[in-house]
Every structure is written in structure tokens, then in C-alpha cells.
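Data block below; observations after.
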Amino acid sequence: MDLFNAIIQVLDSTIRLSVPLLLACLAGLYSERAGIFDIGLEGKMLVGAFAGAASASVFHSAYIGLGMAILISVAFALVHGFASITHRGNQIVSGVAINFIAAGSTIMLGQAWFQQGGRTPALASDERFGAIVWPGADALRGVPILGPIYSELVSGHSVLVYVAFLAVPFTWWVLFRTRFGLRMRAVGENPAAVDTAGISVAWLRYRALICTGVLTGIAGAYLSMVQNGGFVKDMTAGKGYIALAALIFAKWKPVNAMFACLLFGFLDALSIRLQGTPLPLIGKVPVQLMQALPYILTVILLAGFIGKAIPPRAGGVPYVKER
Amino acid sequence: MSTPYAKLPAWADYGLIPVINLAVAFVVAGLVVLLVGENPFRAAAVLVEGAFGRGQGIAFTLFYATTFIFSGLSVAVAAHCGLFNIGGEGQGYIAGLGIGIVCLAFDSVLPWWLTFPLAIIAAAAMGALWALIPAYLQARRGSHIVITTIMFNFIAASVMVYALVGFLKPANSMAPQTRTFLDGAQLPKLNWVIELFGAKIRSAPFNISFLLALAMAFLVWVLIWRTRLGYEMRTYGHSAKAARYAGISETRIIIVAMMISGALAGMMALNPTMGDQHNVALEFVSGAGFVGIAVALMGRLHPVGIVLAAILFGMLYQGGAELAFEMPAISRDMIVIIQGLVILFAGALEHMFRPYVQALFASLSPRSVGIEAIKGKGA
């Protein structure tokens, strides 16, 4: 029973840890499917986290916080669009720039406004997104096996967790069952064809980037308003890059993205859980190896040793109309 | 397909447009300063005063600049070959492993002028090695170099933590860093050069690796513009198709360019370890690899431009420290914002003002932008 409880705990923290990855990964999916590389997921999550926590603590409302997180994150996504769509700049350079501006400005504004060394004030419970307890969760806790699964894994998460997992089928539906999704995929593969059909390539890509901004905003809000009771500097800690890795791992498909993020979240949860405990057969695994595993797996995947990851064809190439 | 932009006179292309881009980046940075309620002009004055006001400041400025020259050159060499090496941070960090091993092994037996070349080789080799795998994967397996080098940054961080808490730190110490290097692995200071001009310096880590950085800048210029290899790299950077058609081996050129880039990134680890802290510690690179991106873009990928841009960023780092002291509302993270803005305006938005400049030139003198036709006559 101890082992079972341990497994439930690891899976529970897997869900919690994979939510920001999942949201950021789906965010990246929108922009990359539309042909815009987005290294700046990290930065957009970070400004989302800061804007969310800062405005939640000023206006005492979690929902205003979430709204501001989305707004600021979308604004950064539009800067990326302005540079890479309107001015046909290098998308990777622009993404790197956004990460730096985000990293610097969140700490500096946080310090100037709240004077807590770059942190925002700790959020009260009504300024955060609390856990939603599903009906009967407490009553069923005693039931063996199914009880803990229902009450720990399914119930008891914040609304943003459910939003993240619902975003997966929703993204699938948008991508493969709507006109917008079809055109978005087309613009990522062959923008000239879309242009010939009389559809604005730029406007489509801007809309895809707005979707990206919304999702990274939610991801940031989750970090600072659910996982943590406030903003801490550099709190994304490379999650944007892991999300990017997960996106490649998932071969730019929404359902695969969920599994990739759950896998990376699971590795993270496991490395926390196993810190210092020796494993049977293998012996003691260095924590650093566990932490590096998502990156190593991505490199191996990229090298084509686990299937081939083929990015959208027009990714990274600014669209220039023929003249 | 032709380039979407017409030609400008060279001085406008290499002088005017970068200056406009930079000016806009600094204006936006000034707005951020306004946003936290300080006077941007006074902030700029404090910054320049802090960086160049006293000998001490100049020495620190040049100390920071040394690292940025290496990382800027690293980014530039790859960029000339059309590759974006975002992994300088990891390549520099992992080079610390090579430097650590060499210095710990030899600092008690060899003088510094023998340890230094060994450490240069070790650092360059480790950096090159760390760039080799992403380069190979890009060349042969088609995986995107940007993503793999980012991944390698994180892997390097894990490896270094493992090495530093494992075998590199002394057995009886808790801190994840090597022991302090002995005299045999401490680089001599260059502060006396500044003191020749009458400035007083209490203590500053400005050291001989600055000369190595300048030498490397010269060698990179020779490589890119005066050798066959550099010509091939530039050809490949301009048009991979043309390079292939000319019989340039794609695999070879990508791997060679990335390894040189990685070696340069590796050498940037010499300055903070052997030149300043006299040990290898966690996070000793502290973002210098990423500064290289801004430096390279600002220097227009030319060694002279890179040295100047590196000194400017050294000034921002040194002056920024003084600024944080003078104006508590402005922390050192202001530099990170400026860095981001420079990358944005000098890199991603480099063509934003070009059409306006072109229109201006066209109206002043049509000949300078290559418009030969007289108005009203055909065209």
C-alpha cells in the first residue's frame, strides 16, 4: 500500500509539473504550425507569471491577474510578430530578444514596484486559484485503489489544470476540424499557396501568435498563482525550452504534446522523489542525469533515432510576396 | 528572388543604420528607466561615469569586455556560415571542466606561462567538442542547430553540477567549486597598462586574456576574409545551394565552423576562472555566452565591430553595477533589458528603419541608391 501511495503521489506531482509545460507546448504548437519559430516561450511565460502575480496582489483578484497575464503575454507575442512577420526579421533572434527583455524587466519592475528583491508580495488564498474538489472526492477517499485515484489525481486541482488538459482536445479540434486550423497549417507548410488563395499570410500568422500569447499567459499565471503563491525571479527556469523540446518530441501534434509533457513532468517528479534513494539494479542515479534526461531525449529524437521529427516546412522563413 | 531591399552606400549600411537601431534600443531602455521613476539622462551619466570615470572602472570595463569579445566572435563565426550558435553559454561552461582539470593538475608544478597555453588548448577543445555533436547532428541528421545547442546548454549545466559536486571540489569542502588555483594558474594582471596613463587602480581583474581576445579577433578576421575556408564558410552562409553546387562539402563546413565557434566560446571561460576568481565555480559563465549574441549582432559580425560592441557591453556591466548602487530603483537587471533591446532592434528589427533611410537617400541623391533613370522617362 505504501508503494501504491508513493506512485499516486508521484503521478499527482507529475500532473502539477506538466501543466505549465503542456500550456507552453500547445502555445508553441500554434505558432510553429503557422510557420513562426518561437524560442520566446520562456520569456512570454515569465512576463505572464509576473503580470499575473503582480496584478492579482494589487487588485486582489485571481481573475484580474489571469487577464493581465494573458494581456501582457499577448503583447510580447505581438512584438515577436511585429519583428518576424511585419519586418521579416530573424525569428530566433527575435525570440532570444524577448527572453532577455522578459528576464530583465520582470526583476527590475518587481524590485521597483514591490521592493522585495524581485519577488511580488505573497498572494492571499483568494488571490490565487484554489483547488476544485470534485463531488464525492472526500467520501470516496477510503475506497481502495480507485478512491485515491479519484480524490488525488482527478479531483483537487485548480481550474487552470483542467483548462490545460481541455486545451488539448480543443487544440486538436481547432487544428484539424476548423477552417482557421486548416489555413494555419497551410501557412506553416506553404504560405505562397495560402497567399494565392487570397488569404492574408500575415494576419493568419498574427492570429496564431495571439493564440500562443494567450496560452503562455495562462502557463505563466499557473506558475505564479497556482504552483507558487507569488512571482519569484526566473521562476520559469527553462520550462519554455523544455516545452519546445516536448513540442518536437510530439512532432507538432496536440495529443502527442500532452503525452510528451506528461513524460517530462514525470521525469521531473521522479527526480524529486528519488533524490538520493538507490534504485534496484541500476544503483544510485545522479540527480543531474534525471534533470538532463528531457534534453538528452530530445537530442536523441532530433537525431532521428526515435522516429523522425519533421517540422512545418515554412518554419522560420519570413514570407516575402513575389514581386 | 531578389533581396527585398535596394542597396545603400556602404557607410550608411555599416554606420548609419546600426547607429539608428542602437539609438532606438537605448531610447526604449530610457523609457523603462522612466517607468521606474528615475531620470534616464542622469542614469546614463552615472553609467558612463561608473565605467570610464576612474581607472578602476576602466579596468573592470575591459575585464568584462574580454569575455564578451570571445563570445561575440564565437557567435559571429557561426553566423558567417549561416548557423546560429546559441550554445556559447554551454560551450563556455563545459570548457570550465577542461580548465579546472588542467589547472588543478599543473598549477603547483608549472609557471603560469606554461599552464596558460595548456588551459587554452583544454578550454578550446572542450568548447569545440561540445559544439561538435550539435554540428554533426545538423549536418548529417538534419536536426536544427538552434534547438540542439539550447539542449546542450542545459546538459552542460547538469554535467558541470555533477563534476563540481563530485570530483572537482576538494574532498573536505562543501562548496561546489574547485580549490583556489595556486600561482601557477593565475593570469598576470594588465592593470599597469591603465596605470601608465596616470590612473589609480586598487584592484581589478583585468588580465592578460584580454590580449588573447584581441589576437583571436585578428585571427577571426584573417579566417573569414583572408582564407579559403572563410570564403567557403561565407559562401555557405549566403547560399547553401550555391555552396553545394560549387563542390563545398556541407558536412565539413558546418562541423568546422561550429567547432571554431565552440572553441572561441570555450576560451571565454579563461577570463573569469584563471583571470579573476582563481577557481571554477557553479554558474561562473553567468550569461556571458548570451551576451555574445547581442555583441555579435551589434558589431555586424565584424571583429572590429565586435571588439567595440564588447567594450560597450563591458561598460554597461561595469556602469550598471555603479548605477544599481546610485539608484536603488534600477537593479543590474537593467543590463539584461538593454541586451534584449539591442538584440531586438539591431538583430530582429534591423530592417525596420531601412526603407525610411532609403527613401531619404533616394530623395537626396537618387544615384547613391542605384536609381539611374531620370524621373518621367520610362521606368
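All heavy atoms count here, side chains included; hydrogens, waters and symmetry mates do not. Every chain is numbered from 1 and lettered A, B, ... according to where its sequence line falls, protein lines coming before strand lines.
Options B:G166, B:A294, B:S158 differ in how many heavy-atom pairs under 4.5 Å they form with chain A, and the most are formed by B:S158. Chain A forms more heavy-atom pairs under 4.5 Å with one residue of B:I337, B:V32, B:I86 than with any other, namely B:I337.
Ring geometry for A:F100 against B:F290 counts as perpendicular: the plane angle is over 60°, on a 0 to 90° scale with 30° as the lower cut.
Closest approach of A:A97 and B:G340 over heavy atoms only: CB-O, 3.4 Å. Considering all non-hydrogen atoms of both residues, A:Y241 and B:M151 come closest at O-CE, 3.7 Å. Taking all atoms of both residues into account, the shortest heavy-atom contact from B:V36 to A:A112 is CG1-CB, 3.5 Å.
The line from CG of B:L349 to OG1 of A:T86 is 9.5 Å long, rounded to the nearest 0.5 Å. Atom CD1 of B:I150 and atom CD1 of A:I92 lie 8.0 Å apart (nearest 0.5 Å). The distance from the OH atom of A:Y295 to the CD1 atom of B:I147 is 12.5 Å, given to the nearest 0.5 Å. In this structure, CZ in B:F353 is found 8.0 Å from NE2 in A:H87, a value given to the nearest 0.5 Å. From A:N99, atom CG reaches atom CD1 of B:I343 across 9.5 Å, with rounding to the nearest 0.5 Å. With values rounded to the nearest 0.5 angstrom, B:I330 atom CD1 is found 11.5 Å from A:Q111 atom CD.
The number of heavy atoms from other shown groups lying within 6.0 Å of CZ (B:R300) is above 12. At most 12 non-hydrogen atoms from other residues, nucleotides or ligands lie less than 6.0 angstrom from OH of B:Y162. The number of heavy-atom neighbours closer than 6.0 Å to CZ of B:F167, taken from other residues, nucleotides and ligands shown, is above 12.
For a residue to count as touching a neighbouring chain, one of its non-hydrogen atoms must lie under 4.5 Å from one of that chain's; by this rule B:I293 touches chain A with the side chain only. Looking at A:S105, both its backbone and its side chain come within 4.5 Å of chain B, counting heavy atoms on both sides. Both the backbone and the side chain of B:L344 come within contact range of chain A, each with at least one heavy atom under 4.5 Å from a heavy atom of that chain. The part of A:I39 that comes within reach of chain B is its side chain, from C-beta onward, which places non-hydrogen atoms under 4.5 angstrom from that chain. Contact annotation for A:I296: both backbone and side-chain heavy atoms come within less than 4.5 Å of a heavy atom of chain B. If you measure heavy-atom distances from B:L35 to chain A, the contacts under 4.5 Å come from both the backbone and the side chain. Only the side chain of B:V165 has a heavy atom closer than 4.5 Å to any heavy atom of chain A. Looking at B:I335, neither its backbone nor its side chain comes within 4.5 Å of chain A, counting heavy atoms on both sides. The contact between B:F84 and chain A is made entirely by side chain atoms (from C-beta outward), counting heavy-atom distances below 4.5 Å.
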